[in-house]
Amino acid sequence: MKKPNDTYESRVHPSSGKVTISVEVCLKPSSTVRYDEIKSAVQRMLDKRSLTYEDGPVAFSQADEPFLFEHVESIIISDADEQTTGNGVLLFWQVTLQIHVYQLNEEGPGEELEGTDTIPSFHEWVLPAKEFHGLWESLIFDSTLKQQLVRYAATALLFSEKGVNSHLISWNRVVLLHGPPGTGKTSLCKALAQQLSIRFKNRYKSAALVEVNAHSLFSKWFSESGKLVTKLFQRIEEFVEDGSTLVFVLIDEVESLAAARQTALSGSEPSDSIRVVNALLTQLDRLKYQPNVVVLTTSNITAAIDLAFVDRADIKAYVGFPALHARYEIFRSCVKELQRTGIVSTKGSGDVGTVGELFTYKSLCSKMSENTEDPRILLSVHISKSLLSVAESCEGFSGRALRKIPFLAYASVGPLQECDYYFFLDAMRETIKKEVSERALL
């Protein structure tokens, strides 16, 4: 695992001098083997290989690891502290492994209906859920946002578990992610809940994600909306009251429930919205004393949120449009997936380099001059540089829009058995030009 020199010491465990990293082991649905057997087998495999560690999947075969091959769906190394962008590597003797073994729930979300309503007030997933598998790894951001959120949640749950006096040190276990639409805020909340359900599996018997349907809580009957909010959170309290289930409450577009009360007082909003905000704040204050619940919220319009709610959020993180290196890495992941499925071919072109190696022209040119006698390196640098030029042309695109580009590009040239890499990049350039011109007309 690569590491930045200026953050290495902060990631070293003070008692052992080693860096702690997470290894997530997903079992096959049919497996009934004990988790401790899997942990021991994974530990033996990694020790035997004497790996240098980096984020991503760990390959294993039936010939090398028949026991793991029979029971394990995937093994992922996931660094929960700092993303690594430096030149160093972590060797096997420098790390302490935290191995998390889990099995995915395949039942899908449950619904909760209020009375005769046909719109559910919330959806509930038992975590870790099959629907969210791989979501965490697919999310790419410019900063260490994902690692910061994991550290925050772990600290908040630890403080609650240890009984830290909340009158002396204040925390509410409320997260607010804000920014423009399409930047991955809701997906990040769901992925975070999935990730934490895996990390804390030894501490809690089960985990659940409750996604609130805010629009179902506004009643046509005057003054009923506040009562519906209270009723919903009373139902959520039932989930957390025994303390053995780790519960995540997701409120998407939270401004619909936490609209600024000053606006309502001016007469532009009905007074019922004030009751909704008051009910929400009251229920959040009640949940504060439940140690096994985390509230995850998102907003596209932070100016519309009541300041009292904003003040209750421990973390207020902005999620903006991807910068160049993030756009490059998003496109790289798309190309790798299309290559895996045989839709796009890079045969004879080399591999697409990672963002850590190839996200600036300076590093590209330097690498080309240093390895001019290695044709594989030259080819890899060339195709990476071509992809970088595509990423440069779509500044201001959201992550959602970027991940649509490969699909639209391939659709524009028609179904092909196998599309040449450079031909595909030309199609992406034309698709981006079209998207830019269409946005200018909006």
Enquirer: Establish, from distance only, whether the side-chain atoms of R400 and T183 form a donor-acceptor pair under 3.5 Å.
Expert: no
Enquirer: Ignoring hydrogens, what is the shortest heavy-atom contact between L177 and C189? Give both atom names and the distance.
Expert: CD1-SG, 3.7 Å
Enquirer: Nearest 0.5 Å, what's the CZ-OG distance between R203 and S244?
Expert: 14.0 Å
Enquirer: Taking side chain as C-beta onward, heavy atoms only, is F122 less than 4.5 Å from R235?
Expert: yes
Enquirer: Kindly give the heavy-atom pair with the smallest separation between Y421 and L387, and that separation in Å.
Expert: OH-CB, 3.4 Å
Enquirer: From the options Q195, Q98, H100, select the one residue that forms a side-chain hydrogen bond (donor to acceptor under 3.5 Å, both in side chains) with E24.
Expert: Q195
Enquirer: Decide whether Q234 and Q283 meet the rule of one side-chain donor and one side-chain acceptor closer than 3.5 Å.
Expert: no
Enquirer: Among V174, L176, L296, L149, find the one that has a side chain to side chain contact (heavy atoms under 4.5 Å, CB included) with I315.
Expert: L149
Enquirer: State whether a side-chain donor-acceptor pair under 3.5 Å links N213 with S121.
Expert: no
Enquirer: Is the cationic atom of R286 (NZ for Lys, CZ for Arg) positioned less than 6.0 Å from the six-membered ring centroid of Y289 and within 45 degrees of its normal?
Expert: no
Enquirer: With F67, which of R44, M45, Q62, E37 fulfils side chain to side chain contact (heavy atoms under 4.5 Å, CB included)?
Expert: E37
Enquirer: With rounding to the nearest 0.5 Å, note down the distance linking NZ in K146 to OG in S78.
Expert: 7.0 Å
Enquirer: K130 vs E107, test: salt bridge (Lys or Arg N to Asp or Glu O under 4.0 Å). Steps then yes/no.
Expert: CA-CA 8 Å; K130 182 178 180 180; E107 294 181 0; over 6 Å; no
Enquirer: For V25 and Y102: C-alpha separation, side-chain torsions, deciding distance, then whether side chain to side chain contact (heavy atoms under 4.5 Å, CB included) applies.
Expert: CA-CA 6 Å; V25 183; Y102 65 97; 5.8 Å; no
Enquirer: Would you call K28 and E70 a salt bridge, using N to O less than 4.0 angstrom?
Expert: no
Enquirer: May I ask you to decide if E337's main-chain N or O and T341's side chain share a donor-acceptor pair within less than 3.5 Å?
Expert: yes
Enquirer: Using a strict 4.0 Å threshold on nitrogen-to-oxygen distance, state whether E435 and K404 make a salt bridge.
Expert: no
Enquirer: With side-chain hydrogen bond (donor to acceptor under 3.5 Å, both in side chains) as the test, pick out the partner of S299 among E255, K185, E253, H178.
Expert: E255
Enquirer: Would a distance-only check, ignoring hydrogens and angles, find a side-chain to backbone donor-acceptor pair under 3.5 Å from S31 to L27?
Expert: no
Enquirer: Would you please classify the geometry between the F159 ring and the W171 ring as parallel, tilted or perpendicular, with 30° and 60° separating the classes?
Expert: perpendicular
Enquirer: Rounded to the nearest 0.5 Å, what's the gap from OG1 on T282 to CG on L287? Could you check?
Expert: 11.0 Å
Enquirer: On the six-membered ring of F397, is R439 placed so that its NZ or CZ lies under 6.0 angstrom from the centre and within 45° of the ring axis?
Expert: yes
Enquirer: I need the C26 SG to Q103 CD distance, nearest 0.5 Å.
Expert: 7.5 Å
Enquirer: Kindly compute the distance separating CZ (R403) from CD1 (I330), expressed to the nearest 0.5 Å.
Expert: 5.5 Å
Enquirer: Under a 3.5 Å threshold, yes or no: a donor from one side chain and an acceptor from the other, between S206 and T245?
Expert: yes
Enquirer: Any donor-acceptor pair under 3.5 Å linking the side-chain atoms of E131 with those of W125?
Expert: yes
Enquirer: Kindly indicate whether the side chain of L127, heavy atoms from C-beta on, has any atom under 4.5 Å from the side chain of N105.
Expert: no
Enquirer: Is K48 salt-bridged to E65, cutoff N-O under 4.0 Å?
Expert: yes
Enquirer: Counting C-beta onward and ignoring hydrogens, is there a side-chain heavy-atom pair between F424 and S345 closer than 4.5 Å?
Expert: no
Enquirer: To check you understand the geometry: which heavy-atom pair defines the closest contact between P406 and L338, and what is its length?
Expert: CB-CD1, 4.2 Å
Enquirer: T297 side chain to V175 main-chain N or O, any donor-acceptor pair under 3.5 Å?
Expert: yes
Enquirer: How about S61 and D64: does a side-chain donor come under 3.5 Å of a side-chain acceptor?
Expert: yes
Enquirer: Are side-chain N/O atoms of Y204 and N292 paired as donor and acceptor at under 3.5 Å?
Expert: no
